[in-house]
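To keep things clear, I will list the structure first and then write my remarks on it.
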Amino acid sequence: MIGTYGAALAICLASIVIGRGVWALTGELGWTWLAPAVGFAVLLVACEVAIRAPGHAWTAVVVVLALVAAALWVGRRASWPPVEALVVGLLVLAATAIPFVANARVGLLGVSFNDDPASHLLLAAGLRDPALRSFTAYGPGYPVGPHAIVATLGRGLGVSLASGFNGLLVATPVLTGLTALGGLRDLAPLRRWLVALLAAVFYLSASWYAQAAYKEPILAMLLLALVLLVWRGRREGFARPWQVAIPAAVLLAGMVYAYSYTGLAWPGAFLVLWGAAELALRLARSGTRALMIDVRTRLPALGAGAAVFAAAILADFGRIHTFFTQSGGAAGATIAIPKADIGNLAGPLSVRESFGVWLQEDFRFWPHDMSQARLLAYGALAVVIFGVVRELLRRDLAATAALVGCAAIYLYSNHTQSPYVAAKALVIPAPLIALVAGRGLLRRIEARRARVPVALALGIAAVAFSFAALRSSYLALRGAEVGPGQHAGELRDLRAAVHGRPTLMLVDDDYYQYELLPVPANSPSRGSPIRLATFSPQKPWAYGAPIDFDSVDAATLDRFDYAITVRSAYQSQPPANFHLVAHSRSYDVWHRVGPTVPRRVLREAGAPGAVLDCRSAAGRRI
């Protein structure tokens, strides 16, 4: 618990301080709620660039500390966040703690639900210690900005990579909630806090947090910050172009470092749509001459922003280009994720989930009462549409342009990509949808005659929508799977027993390679780098089936010096050349002495053990 929340606190504080320093450099000495997102984007870039330099993770630690110190000096006269930052932060932290409270432990999120974190931990381990890079399953172009933050935390704070990864997951919704406050300044405090909480843990965002998926929530937070930055700049008539161009460049760079070049699709769609709408309005109102004068006066700031973005991209251009070629070029991820691959989904997600009201713990499945689910989803859609209409009536085009852009990307992904990719496109606009819906419902009504009845109707709708949305998010968070730490601790303790030698892991475990680092361990059940043959047609292995010595042939066994099995009475008998040399409460460690003699396997009739019938007298006694 201390490691997870200590890492989250470190990320949030560093993001606030560094972001405040960036704004101070542009001449902004007042507090802005967009500072945390900008600071986090700087961390993404700085940690990844620094961790590839000599010294690796230690170099990244020094760079982050230097950035914090420089930001404190540059922003020594800048304002700090008000007290409501603490209020919103604590509200969101309480929400992120629901999975840990429900499972009565703090551990890795998403265990048995999503096995991707196992590979991400190995990637972070390779960044922290280059000697471990051979264990990485992802290609050399994979974006590693978040992993670099985790590896830097692990080295600097001395926490485990698992705690650092959890800290990153916790920090992201906290930073999202703080960022959302930047678009809620015209609401009363309690209303601001409610909408900020909704933006931080809207249903699909909460579901992604529950399954330890980090990239889409990070991109969603950075996109929200960019939209609010443009919204703020537009309201000020872009009178301070440096305070738009530089933070925007940093946010765009952060998106690339978190999501590679594909991360630019969402801000690109938003900026194109918003820019086209604003250009048409400006030309109709002022004409071409006034527009050209405004552009010329803002060219230095735009040029500086472009230079900042270009410098960040050039620092990681090799990795970005490699990912571009690996993932099918401009089509994006068409090779990396085939269209038939649905990942850990049961099928395509319903677009209705994106409206935030979906009373189902597991986002992959439909609620039991579909009539109620449709009614609630259409009600939530009506709230979102109402929010969009109020944005347009106030001539605030930024949020609407962003939502339209996100919708276009989802429709394209749903038509051309895997349902797994299309699901990601539903998550990214989640905080923005919550912001538009909440802001639309909770803004004051200005028409005097209609104030009382309309305000009453909006109040009822706001209470109903907020309750249903928070209830949906609570279900997703309560249903999260949190991995126990006992097995991981046992495997770490057994590393000494195998002396760093090639080890065959005859256990169906997603995280065995991470827990056994730096032992060269492989398992036939986990997509090993080596090809492991099945021993006999009488005992083929399939997902969910038991695995033991009989699952692999003699030639495969002879490629390893040690084997680890589950400590269970129904394990198949080990070959005579494997001797028990160590054990823990859950595992046995076997040492191979000499070659393995091939043997036959008897056909196994069903699973071992007997069925406990609770209807019988004996069953009731047990």
Side-chain angles (χ1 to χ4, degrees), residues 115 118-119 121-122 125-126 129 131-137 484-605 607-609:
D115 61 1
S119 299
L121 287 168
L122 291 173
D129 183 357
L132 302 177
R133 287 182 182 171
S134 60
F135 293 90
T136 300
Q486 293 90 335
H487 290 163
E490 289 181 43
L491 286 176
R492 287 194 296 268
D493 291 342
L494 291 175
R495 288 180 295 190
V498 299
H499 305 288
R501 303 298 301 164
T503 300
L504 180 62
M505 188 72 172
L506 294 173
V507 179
D508 189 10
D509 184 348
D510 292 326
Y511 294 86
Y512 76 91
Q513 282 189 307
Y514 168 69
E515 302 298 353
L516 288 173
L517 285 176
V519 175
N522 285 282
S523 171
S525 66
R526 288 293 139 195
S528 308
I530 64 171
R531 185 177 179 83
L532 299 177
T534 302
F535 176 80
S536 165
Q538 282 76 34
K539 194 167 184 178
W541 185 84
Y543 183 77
I547 181 172
D548 56 24
F549 279 107
D550 287 348
S551 300
V552 292
D553 61 13
T556 299
L557 291 172
D558 284 345
R559 296 164 72 176
F560 296 91
D561 297 329
Y562 290 89
I564 297 178
T565 63
V566 174
R567 196 177 188 198
S568 171
Y570 60 76
Q571 284 280 321
S572 296
Q573 184 177 358
N577 61 325
F578 277 82
H579 299 167
L580 184 65
V581 294
H583 66 82
S584 66
R585 183 174 181 271
S586 307
Y587 303 104
D588 285 329
V589 179
W590 306 85
H591 181 214
R592 183 177 63 82
V593 180
T596 305
V597 177
R599 57 183 182 166
R600 295 177 61 192
V601 175
L602 297 176
R603 185 180 295 276
E604 296 182 354

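Below, all heavy atoms of this structure are taken into account, side chains as well, without hydrogens, waters or symmetry copies.
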Euclidean distance, [Y] [atom2] relative to [X] [atom1], rounded to 0.5 Å:
{"X": "Gln513", "Y": "Leu132", "atom1": "CD", "atom2": "CG", "result": "11.5 Å"}
{"X": "Thr503", "Y": "His591", "atom1": "OG1", "atom2": "NE2", "result": "9.5 Å"}
{"X": "Leu491", "Y": "Leu517", "atom1": "CG", "atom2": "CG", "result": "11.5 Å"}
{"X": "Asp493", "Y": "Tyr587", "atom1": "CG", "atom2": "OH", "result": "11.5 Å"}

Start with the C-alpha gap between Phe578 and Leu557, add the side-chain angles, then the distance that decides, and say whether side-chain contact (heavy atoms from CB on, under 4.5 Å) holds.
CA-CA 10 Å; Phe578 277 82; Leu557 291 172; 4.2 Å; yes
Donor-acceptor pair, [X] side chain versus [Y] backbone, under 3.5 Å?
{"X": "Arg495", "Y": "Gly500", "value": "no"}
{"X": "Ser523", "Y": "Met505", "value": "yes"}
{"X": "Asn577", "Y": "Gly594", "value": "yes"}
{"X": "Asp558", "Y": "Thr596", "value": "yes"}

Would you say [X] and [Y] make side-chain contact, with heavy atoms under 4.5 Å?
{"X": "Tyr511", "Y": "His487", "answer": "no"}
{"X": "Leu580", "Y": "Val589", "answer": "no"}
{"X": "Glu490", "Y": "Ser586", "answer": "yes"}
{"X": "Tyr562", "Y": "His499", "answer": "yes"}
{"X": "Leu506", "Y": "Phe549", "answer": "yes"}
{"X": "Leu504", "Y": "Ile564", "answer": "no"}

Considering all heavy atoms of both residues, which atom of Leu494 and which atom of Ser584 are nearest to each other, and what is their separation?
CD1-OG, 4.0 Å
Tightest non-hydrogen contact, residues Phe560 and Thr556, listed as CD1-O, 3.3 Å
With side-chain contact (heavy atoms from CB on, under 4.5 Å) as the test, would you mind laying out the steps for Arg567 and Arg585 before giving the verdict?
CA-CA 7 Å; Arg567 196 177 188 198; Arg585 183 174 181 271; 5.7 Å; no
Verify the distance criterion only: is there a donor paired with an acceptor across the side chains of Asp548 and Thr565 at less than 3.5 Å?
no
